[in-house]
Amino acid sequence: MAVIFIVLLVVILEPCASVIFHVNETEYNKMPPLFAMDNYDQCMSDAEGMYCIADFDLFSRRRSSLMHFIQEYSAYTKKHYNHTQLHRGICITRTCKTYLLYNSNKTMDLNMTLEGCFNKTIWDDYNIEAKLSKLHYCKKKGDKRIIDKSDIAVFIVYVVLILLHFIGSSYDIIKSRNDKAENKILLAFSLKRNWAKLTAPSGAGPEPRLERLKMINGMRSITMIFVIFSHTAVIFFHTFHVNPLFVEKSYDDPMKQIAFNGTLVTYTFLAMSSFLLVYNFLIYSETHDISWWDFPKGVFLRWIRLTPSYALVLATIATWIRHAGDGPLWDYVVVSESDACRIKWWKHMLYVNNYFYDHVNCLPQTWYLAADTQLFCLGLLVLVAFRTQKARKIVAIIIFLLSLVITGGVTYFNKLDVILLQTPENYRTLYANDDTFKQTYVASHANLSTFVLGFAAAMLAYHWQVEKKDLTVYKRHGWVMWLLFPTGLGLLLSGGIFYIDGIELSQAFKAVSAVFMKVAFISIVCAFMIGCIFKFENLYRCIVEWRGFTWTGRISYSAFLLHTIFQRCLFGIQMSLIYLSDFDIAMFLQASLFTSYLCGVCLYLFVEAPVGSLVKALLTPSEKNTVQAPEDK
């Protein structure tokens with residue numbers, strides 16, 4: 001038995017390099033502050049004020065106990081920031097005034113000025129040296145952004161939208177007073193009708209089976225709240241703050257382990273999308289003859305449903321958002337995204353941006369839309385190409401087995417982590433340097449298992465309904481449904497094993513775990529959806545079917561697109577370092593939720609709902625009876 005235990009340890013664990021795991025605050029404060037900022041308002045009050053954001057690397061030409069301590073502490077990348085690189089906001093014309101006087105050409109010697117100035121400060125205070133790593137930008141007093149043609153074009157789009165809704169709403173009011181034939185195109189822009197669509201009961205329509213899917217809105221809403229919470233933490237930790245030790249200590253708080261492994265929750269959206277695609281398509285095929293034409297038609301309907309709202313938000317970020325504020329970090333947090341949107345917009349409109357993730361990104365959370373769209377196309381292709389239940393099962397099994405091999409193989413051979421580790425440096429760089437994020441988290445081919453599980457769950461639910469299967473024997477064991485939530489919670493908490501000090505798991509164990517964790521969590525989600533459809537229990541089901549989730553579920557897409565805009569703008573206008581605390585994060589989360597859903601209602605009423613009505617009015621195919629076309633919504 002002892003021999004087996006030793007073998008398991010050898011297989012599961014790998015040696016860990018010499019690092020410093022924990023220090024007390026006294027020792028911690030011996031290091032130079034990770035972030036610091038000069039007073040921005042005072043700097044810009046000077047006639048020739050210049051303010052720069054820059055990164056500096058620490059080093060020592062001679063033996064230094066402090067530098068050695070900083071290197072060993074920073075080597076523990078799972079829980080610690082890289083303290084060998086400091087991040088500063090510096091007023092050149094005040095802090096480095098003597099160096100500007102020494103150099104005759106301020107523009108040509110800007111890098112030398114910053115490096116010499118900061119190096120002297122570090123040497124005087126800590127007896128170590130610093131060299132300039134990256135100069136992000138410098139802002140001068142009087143610098144202003146010019147409103148260009150793209151700004152004007154987006155402004156015109158907003159004006160046209162407002163006019164269309166004024167005309168459409170007026171027409172709806174006038175039309176209601178007489179019995180003239182309706183103009184469906186104008187009525188698509190009626191705020192009154194779009195509001196009614198937003199607040200209509202879930203599942204209302206000619207197909208009674210869709211009424212059993214009303215739990216989807218609750219699941220969407222709850223998952224979106226969790227996503228906004230995680231992004232709230234990300235943007236908090238991404239910006240300059242006064243107490244980075246708060247972040248580093250968070251990994252030892254058991255309550256926060258749920259958040260650190262919460263990336264699994266995002267896969268819920270992929271499973272729901274796959275489930276809805278298959279379920280709706282199977283119902284649609286009852287009254288339609290399936291042909292190859294259904295594939296391009298389905299892809300187009302999805303693209304036209306998602307893209308207008310997406311494009312308007314993207315265009316707004318690329319144009320007017322950069323004019324919305326100012327501050328020392330405004331360009332670092334907000335304008336950088338705006339510039340990226342101006343360059344990379346076409347990747348978003350083609351939904352391939354998840355394969356082009358780098359250091360500066362436009363709407364980075366929309367990797368999900370790209371991955372989901374790619375998986376949607378694959379799922380629709382399978383449904384159109386294979387017309388029998390048996391053939392679809394075989395193909396689904398093949399894709400599922402392939403997904404396990406891909407996930408495990410990519411994790412093993414590329415030496416990736418089991419989960420997306422929420423390390424401090426990942427937060428600071430928004431995962432730009434994390435291979436696990438790029439290769440197994442956002443990549444569609446690594447998420448095939450979530451697609452297949454949703455696919456299989458929908459086929460099972462549909463055929464149980466068609467066959468009117470007697471589920472009495474299953475309902476007797478409703479307690480199994482009660483175990484789903486604690487089991488899922490336990491799975492999230494199990495991610496804490498990957499943050500244990502001094503333990504480095506072997507790559508073979510990581511590869512197996514990477515496959516298991518994703519499949520296990522999504523299996524729980526799919527089992528929950530089936531349980532709600534067939535009413536295996538009444539507590540969880542009543543929560544997710546709550547009437548209040550109807551409208552929040554419908555605007556989840558709009559809230560998803562908008563929420564990071566407000567988060568970035570709030571931190572972009574900060575004039576000093578932010579103090580991190582649980583209370584501040586909680587308050588900011590509530591503000592993000594309120595603002596995102598409030599503005600999400602506007603985006604839904606003015607763009608998303610009208611587009612849906614226009615598509616229905618212009619492209620509705622002839623039907624044997626009134627059944628909705630296949631889509632993933």
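Heavy atoms only: backbone and side chains are in, while hydrogens, waters and symmetry mates are out.
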Colleague: Is there any salt bridge (charged side-chain N to carboxylate O under 4.0 Å, His left out) pair reaching into residues 387-397, and which pairs are they, with sequence neighbours excluded?
Modeller: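 Sorted pair list comes back empty.
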
Colleague: Without swapping roles, check the side chain of Lys131 against the backbone of Phe59 for a donor-acceptor pair under 3.5 Å.
Modeller: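 Such a contact is absent between Lys131 side chain and Phe59 backbone.
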
Colleague: Hey, do the aromatic rings of Phe400 and Phe455 have their centres closer than 6.0 Å?
Modeller: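 Here the rings of Phe455 and Phe400 have centres that are no less than 6.0 Å from each other.
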
Colleague: Count the heavy atoms of every other residue, nucleotide or ligand shown that sit under 6.0 Å from CZ of Phe516, and state whether that count exceeds 12.
Modeller: no

Colleague: Examine distances only and state if a side-chain atom of Glu467 and a backbone atom of Lys469 form a donor-acceptor pair shorter than 3.5 Å.
Modeller: no

Colleague: So which pairs with a foot in residues 412-433 pass ring-ring contact (aromatic ring centres under 6.0 Å, His included), sequence neighbours left out?
Modeller: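 Qualifying pairs, neighbours excluded: Phe237-Tyr427, Tyr431-Phe437.
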
Colleague: So that I know where these two stand, are His238 and Tyr332 an aromatic pair - ring centroids less than 6.0 Å apart?
Modeller: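 Yes, they do, as the ring centres are separated by less than 6.0 Å.
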
Colleague: Please find out if less than 6.0 Å separates the ring center of Phe521 from that of Tyr267.
Modeller: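 No, the ring of Phe521 stays outside the 6.0 Å limit from the ring of Tyr267, centre to centre.
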
Colleague: Which residues pass the ring-ring contact (aromatic ring centres under 6.0 Å, His included) test with Phe536, not counting sequence neighbours?
Modeller: none

Colleague: Strictly under 6.0 Å, is that where the ring centroids of Tyr28 and His83 end up?
Modeller: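 Centroid separation for Tyr28 and His83: below 6.0 Å.
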
Colleague: Do the side chain of Thr239 and the main chain of Ile235 share a donor and acceptor less than 3.5 angstrom apart?
Modeller: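 No, Thr239 side chain to Ile235 backbone: no donor-acceptor pair under 3.5 Å.
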
Colleague: For Asn426, give me all partners under side chain to side chain donor-acceptor pair (under 3.5 Å), at least two apart in sequence or on another chain.
Modeller: Thr423, Asp434

Colleague: Report the residues that fulfil disulfide (SG to SG under 2.5 Å) with Cys362, sequence neighbours left out, ordered by chain and then residue number.
Modeller: Cys341

Colleague: Measuring centre to centre across the rings, with the benzene-like ring taken for any Trp, is Tyr357 within less than 6.0 Å of Trp367?
Modeller: no

Colleague: For the pair Arg212 (side chain) and Cys532 (backbone), establish whether a donor and an acceptor sit closer than 3.5 Å, ignoring hydrogens and angles.
Modeller: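 Side chain of Arg212 to backbone of Cys532: a pair is present.
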
Colleague: Does anything in residues 399-427 form a salt bridge (charged side-chain N to carboxylate O under 4.0 Å, His left out)? List the pairs, not counting sequence neighbours.
Modeller: Asp417-Lys510, Glu425-Arg428

Colleague: For Phe236 and Phe246, I'd like to know if the aromatic rings sit close, meaning centre-to-centre distance below 6.0 Å.
Modeller: no

Colleague: Are a donor atom and an acceptor atom from the side chains of Thr84 and Gln71 found within less than 3.5 Å of each other?
Modeller: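 Side chains of Thr84 and Gln71: no pair found under 3.5 Å.
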
